[in-house]
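Comments concern the structure below.
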Amino acid sequence: MDAAKRAGVEQLIYTSTVATIAVDRPQLPNESTDAKLEEMVGHYKRSKWMAEREALNAAKSGLPVIVAMPTTPVGPWDWKPTPTGKIILDFLNGKMPGYVETGLNFIGVEECAQDTCWLPKKAK
């Protein structure tokens, strides 16, 4: 963030995750709902939450930051594959050993990369 500010970056987009939105609330949460670190389960969510806070703090000090909070991006060129890509491949290849009752939504990487699909989070 400091290097971006020193370089005069016109716009920094930090890619966070929808997982940093606190969900255990009386009202339906959104990207502006404050969450606490202790609500983040696992290293991935905790690290994303912490990095998001750094990006928002940089915004407060004048760096033009947008925090994008995509859901589950999927698409071409997933060469590893990512854990999400592996779930899809395992399902398609009949290798998924079980099913979990859960909700999960996906977004194509092409749409996710377009600014019309970002969930911008502004510094308070």
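Reckoned from all heavy atoms, side chains included, excluding hydrogens, waters and symmetry mates. Remember, predicted model here, so these are calculated numbers, not experimental data.
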Do Tyr14 and Leu56 come within less than 4.5 Å of each other through their side chains, counting heavy atoms only?
no

Atom pair OG/CD of Ser16 and Glu31 - distance to nearest 0.5 Å:
11.5 Å

Is it true that Phe106 and Leu92 fall in one hydrophobic cluster, defined by side-chain heavy atoms closer than 4.5 Å?
yes

Between Glu111 and Pro73, is there a side-chain heavy-atom distance shorter than 4.5 Å?
no

Are Met69 and Leu37 joined in one hydrophobic group, where the rule is that I, L, V, M, F, W and Y side chains link up if heavy atoms are under 4.5 Å apart?
no

Go through the steps for Thr20 and Lys45 under the test side-chain contact (heavy atoms from CB on, under 4.5 Å), then give the verdict.
CA-CA 6 Å; Thr20 62; Lys45 289 181 183 181; 5.8 Å; no

Would the distance check show the side chain of Gln11 and the main-chain N or O of Pro64 forming a donor-acceptor pair, the cut-off being under 3.5 Å?
yes

Kindly indicate whether the side chain of Val74, heavy atoms from C-beta on, has any atom under 4.5 Å from the side chain of Ile107.
no

Near Glu38 CD, under 6.0 Å, is it more than 12 heavy atoms from other residues, nucleotides or ligands?
yes

Please find the pair of heavy atoms, one from Met40 and one from Ala19, that lie closest to each other, and give the distance.
SD-O, 3.7 Å

Considering only Ile, Leu, Val, Met, Phe, Trp and Tyr, and joining two whenever side-chain heavy atoms are under 4.5 Å apart, list the other residues clustered with Leu28.
none

Within one Ile-Leu-Val-Met-Phe-Trp-Tyr cluster: Val65 and Ile21, side-chain cutoff 4.5 Å
yes

Could you check whether any side-chain heavy atom of Ser61 comes within less than 4.5 Å of a side-chain heavy atom of Lys5, counting everything from C-beta outward?
yes

Mind jotting down which residue pairs meet the side chain to side chain donor-acceptor pair (under 3.5 Å) criterion with at least one end in residues 81-98? Sequence neighbours excluded, please.
Asp78-Thr82, Lys86-Asp90

Counterpart residues, side-chain contact (heavy atoms from CB on, under 4.5 Å), relative to Tyr44 (two or more places apart):
Thr17, Lys48

With Glu39 via side-chain contact (heavy atoms from CB on, under 4.5 Å) - residues at least two apart
Ala22, Arg25, Ala35, Lys36

Is there a path from Met96 to Ile88 through hydrophobic residues (I, L, V, M, F, W, Y) whose side chains come within less than 4.5 Å of each other?
yes

By side-chain contact (heavy atoms from CB on, under 4.5 Å) - contacts of Pro26 (at least two apart):
none

Using side-chain hydrogen bond (donor to acceptor under 3.5 Å, both in side chains) as the criterion, list what pairs up with Arg46, not counting sequence neighbours.
none

Determine whether Ile66 and Leu12 make a side-chain contact, defined as any pair of heavy atoms from C-beta on separated by less than 4.5 Å.
no

